[in-house]
Structure formats: structure tokens, C-alpha cells
Amino acid sequence: MQTAATPDISAELRQRFATANRVLVFTGAGVSAESGVPTFRGGGKTATWKGLPFDVISSGAMLERNLPAVWEWFDYRRDLLRSIQPNRAHRAIADWQDRFADLTLVTQNVDGLHQRAGSRSVIELHGNIWRARCVICQTTHEIPLEGARPDACGDCGNALRPDVVLFGELLPPGAFEFAAQRAARCEICLVIGTSGLVYPAASLPEIAKSAGAFVCEINPEPTGLSDFCDAVVAGNAGDVLPQI
Ligand code: BJW
Ligand code: ZN
């Protein structure tokens with residue numbers, strides 16, 4: 001009988017993990033769930049904000065229509081994040097960078113918790129909630145953990161928007177291409193806490209597998225990627241990762 005504290009980790013996964021040099025870690029909202037950050041989907045629920053499904057408010061179309069409403073949604077989420085700490089899963093991943101010759105961390109998360117746990121060179125496919133970007137000159141501006149966010153571009157005075165990738169928008173230039181290159185040369189690809197529904201990010205495990213990598217999902221629920229993975233560990237990332 002499997003419990004959350006004793007996840008069923010196959011001997012093959014342990015063996016491959018012990019001997020791998022090139023590892024790709026691909027994370028989604030579930031890796032931050034145990035810190036208290038709500039996921040977008042999962043558990044049969046879809047995140048909403050003031051009655052709007054998140055994919056309506058987190059969209060390029062909404063940004064064009066109502067930038068203040070989009071800011072309000074992101075201000076609310078930054079407020080939540082202020083009191084939140086990285087969890088065991090973030091810390092395990094950060095520890096792995098000293099253990100493997102070549103570890104690439106690709107995240108869809110915008111919360112910055114991987115970096116706060118000590119991960120370096122994180123590829124952020126969907127941007128970062130702690131940055132604003134000028135809608136005209138594209139200069140980015142850090143948003144302080146404490147205090148107000150800047151209300152206009154310090155360089156040109158124009159409006160700022162969250163520096164995140166909304167539905168219907170392009171990913172940061174080069175970010176996906178770089179991640180795809182790494183996926184195509186890894187030996188193990190760990191897919192952690194993502195529903196695997198959002199593209200192009202969700203194609204990274206497919207790229208890794210096509211190039212011969214061993215693909216393993218870690219998630220308490222089955223996803224659209226589960227059947228195609230070589231191994232699935234059913235459990236919370238914070239329980240599973242420290243035990244691999
Ligand atoms: C645990 C756990 C625990 C719980 N431990 N696990 C091909 C076909 C159809 C559509 C498209 C396509 N290609 C592109 C599109 C359009 C669209 C898309 O993919 N739509 C699909 C939904 C159908 N993609 C885009 O628009 C992208 N841009 C693009 O493709 O540009 C080209 C283009 C331009 C114009 C037109 C068409 C194409 C951009 C995508 C940007 C996504 N942005 C968001 C919002 C970011 C800002 C914000 O934070 O609000 O990014 S959406 C949201 O989903 C967020 C996430 O990064 C992303 C992925 O979600 P994630 O991380 O997987 O989270 P969840 O909640 O879905 O899942 C959590 C999982 O954790 C669950 O499985 C739980 O079980 C698990 N879990 N607790 C481990 N303790
Ligand atoms: Zn500007």
C-alpha cells in the first residue's frame with residue numbers, strides 16, 4: 001500500500017537517477033502547491049478571479065482590453081506570495097544542481113520560488129511575476145518584495161504590464177528554443193507538477209523522449225502526459241523528490 005510518505009519509486013528510476021549526467025527538470029504549478037501557491041488546474045478545479053476563469057484574465061486579449069484588471073489579479077497573487085516560502089521540492093531540485101554534471105531546470109512557474117530555494121540559471125518559460133515590462137520599449141523593471149510596484153516605465157514613461165506570458169502571447173525570445181535543445185540531449189527528463197496542457201511548454205517531455213531520454217512524471221494525479229512517460233510516481237513533489 002502506497003502512502004504519501006512512502007512513494008513507489010521504481011528501482012529503474014533510482015538506478016538511472018544515480019548514474020545520469022544530463023538531467024532536465026521540467027516543473028509546473030504543482031511544485032509550488034505545498035508552499036501554498038494555488039495551482040491553475042487539478043483536483044477537478046479551475047482557478048478563477050472575481051468570477052473569471054484564469055485563462056480569461058491571464059490572456060493577451062484581456063491585457064489589451066483591461067490592463068488595470070490584469071494588474072489587480074497579479075497584485076493579488078504577489079501579495080499571496082510575500083508570505084510564502086520554497087518547499088522541500090524546490091530545495092531538492094536546488095540540491096541536484098551540485099549533484100549532476102549538467103542539470104537544466106525549466107519552469108512554467110512565474111513565482112520565483114525555485115530561485116529563492118537556490119536554483120541558478122532557471123529557464124522561465126512563462127516569465128516572472130516579480131517583474132514588470134514596458135508595453136512600448138520592453139524594458140523590464142524589478143518589482144520589490146516589499147513596497148509598491150513601479151507605475152510607469154522609468155526609461156520612457158509609458159505603461160507597464162506584468163512580465164509574464166499570457167495565453168495567446170509568444171514565449172520570451174529564445175527561451176523555448178534553448179529549453180528544447182536541452183531536452184533533446186538529456187538522459188532523464190523529470191516532469192514535476194504540471195498538467196502538461198499548455199503548449200509549447202508541454203512539448204518538452206515529448207522532445208526529450210523522442211531523443212531517447214527516460215521520462216518520469218511526478219504528480220499526485222494522472223495527466224495527459226502520464227501514459228507516454230516511462231515512469232510515473234504518484235505523489236506530492238515534496239514527498240517524492242527528496243526520496244529519489
Ligand atoms: C502536484 C502537487 C504536488 C498538485 N506535487 N504535483 C496547440 C494546441 C492548442 C492550443 C495551443 C497550441 N499551442 C499553443 C496554444 C495556445 C495556448 C495553449 O497551450 N492552450 C492550451 C491550454 C490548449 N498556448 C499559448 O497561448 C502560449 N503561447 C503560444 O503558444 O504562442 C504562440 C501562439 C500565439 C497566438 C496564438 C496561438 C499560438 C502561451 C502560454 C502561456 C501560459 N500562461 C499561463 C499563465 C501565466 C501567467 C499567470 O501566472 O497567470 O501559464 S497559463 C498557466 O498554465 C500558467 C502555467 O505556467 C501553465 C501551465 O500550468 P501548470 O503549471 O501545468 O499548472 P496546472 O495548474 O495546470 O497543473 C498543476 C499540476 O500540479 C496538476 O497536474 C496537479 O495534479 C499537480 N499537483 N499538487 C506535484 N504537491
Ligand atoms: Zn519604456
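Indexing begins at 1, ligand by ligand and atom by atom, following the structure's order. Only this structure's heavy atoms are used, side chains among them; waters, hydrogens and symmetry mates stay out.
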Rounded to the nearest 0.5 Å, how far apart are CG of Leu113 and CZ of Arg91?
-> 11.0 Å
Mark whether atom 58 (C) of ligand 1 lies under 4.0 angstrom from at least one protein heavy atom.
-> yes
At what distance is the nearest protein heavy atom to atom 68 (O) of ligand 1, and which residue and atom is it?
-> Ser195 N, 3.3 Å
For atom 34 (C) of ligand 1, closest protein heavy-atom neighbour | Gly168 O, 3.4 Å
closest protein heavy atom to atom 32 (C) of ligand 1 is Leu170 CD2, 3.7 Å
Is a salt bridge present between Asp98 and Arg120, judged by a nitrogen-to-oxygen distance below 4.0 Å?
-> yes
Cys216/Val233 under side chain to side chain contact (heavy atoms under 4.5 Å, CB included): CA gap, chis, key distance, verdict = CA-CA 7 Å; Cys216 173; Val233 184; 4.0 Å; yes
Does any donor atom in the side chain of Thr140 or Asp163 lie under 3.5 Å from an acceptor atom in the other side chain?
-> no
Can you list the ligand 1 atoms lying under 4.0 Å from a non-hydrogen atom of Ala29?
-> 61 (P), 62 (O), 64 (O)
Is it the side chain, the backbone, both or neither of Arg77 that has a heavy atom closer than 4.0 Å to ligand 1?
-> side chain
Measuring to protein heavy atoms, does anything land under 4.0 Å from atom 41 (C) of ligand 1?
-> yes
Looking only at distances, please establish whether an N/O atom of ligand 1 is found under 3.5 Å from an N/O atom of His126.
-> yes
What residue and heavy atom of the protein are closest to atom 7 (C) of ligand 1, and at what distance?
-> Tyr199 CB, 4.2 Å
Thinking salt bridges, do Lys209 and Asp230 make one under a 4.0 Å N-O criterion?
-> yes
Within the 4.0 Å heavy-atom cut-off, what Ser58 brings close to ligand 1 is side chain
To the nearest 0.1 Å, how far is atom 80 (N) of ligand 1 from its closest protein heavy atom, and which atom is that?
-> Glu34 OE2, 2.8 Å
Would you say Gly28 and ligand 1 have an N/O pair spaced under 3.5 Å apart?
-> no
Would you give the angle at the Zn ion (ligand 2) between Cys153 atom SG and Cys156 atom SG, to the nearest 10°?
-> 110°
Only one of Val165, Thr107, Asn109 passes side-chain contact (heavy atoms from CB on, under 4.5 Å) with Glu124; say which it is.
-> Thr107
of all protein heavy atoms, closest to atom 61 (P) of ligand 1 is Thr194 OG1, 3.7 Å
Please say whether Gly193 places an N or O atom under 3.5 Å from an N or O atom belonging to ligand 1.
-> yes
Closest non-hydrogen protein atom to atom 56 (C) of ligand 1, residue and atom name please, with distance?
-> Phe40 CE1, 3.6 Å
Shortest protein heavy-atom distance from atom 74 (C) of ligand 1, along with the residue and atom involved = Asn219 OD1, 3.6 Å
With under 30° as parallel and over 60° as perpendicular, where do the rings of Trp49 and Trp73 fit, or are they tilted in between?
-> tilted
Would one find an N or O of Phe167, backbone or side chain, under 3.5 Å from an N or O of ligand 1?
-> no
Check whether any N or O atom of Pro220, backbone or side chain, sits under 3.5 Å from an N or O atom of ligand 1, and answer yes or no.
-> no
Quick one: does atom 11 (C) of ligand 1 have a protein heavy atom under 4.0 Å from it?
-> no
Any pair with a residue in residues 59-68 that passes side-chain hydrogen bond (donor to acceptor under 3.5 Å, both in side chains), sequence neighbours left out, goes on the list, sorted by first then second residue, please.
-> none
Give the contacting part of Val110 toward ligand 1: side chain, backbone, both or neither, where contact means a heavy-atom distance below 4.0 Å.
-> side chain
Verdict with reasoning, Arg116 to Asp111, per salt bridge (charged side-chain N to carboxylate O under 4.0 Å, His left out) | CA-CA 10 Å; Arg116 283 180 52 197; Asp111 55 31; over 6 Å; no
Would you say atom 38 (C) of ligand 1 touches the protein, meaning some protein heavy atom is under 4.0 Å from it?
-> no
cation_pi(Arg149, Trp71) dist<6.0 Å, angle<=45 | yes
Anything under 30° is parallel, anything over 60° is perpendicular, the rest tilted; go ahead and classify Trp96 against Phe17.
-> perpendicular
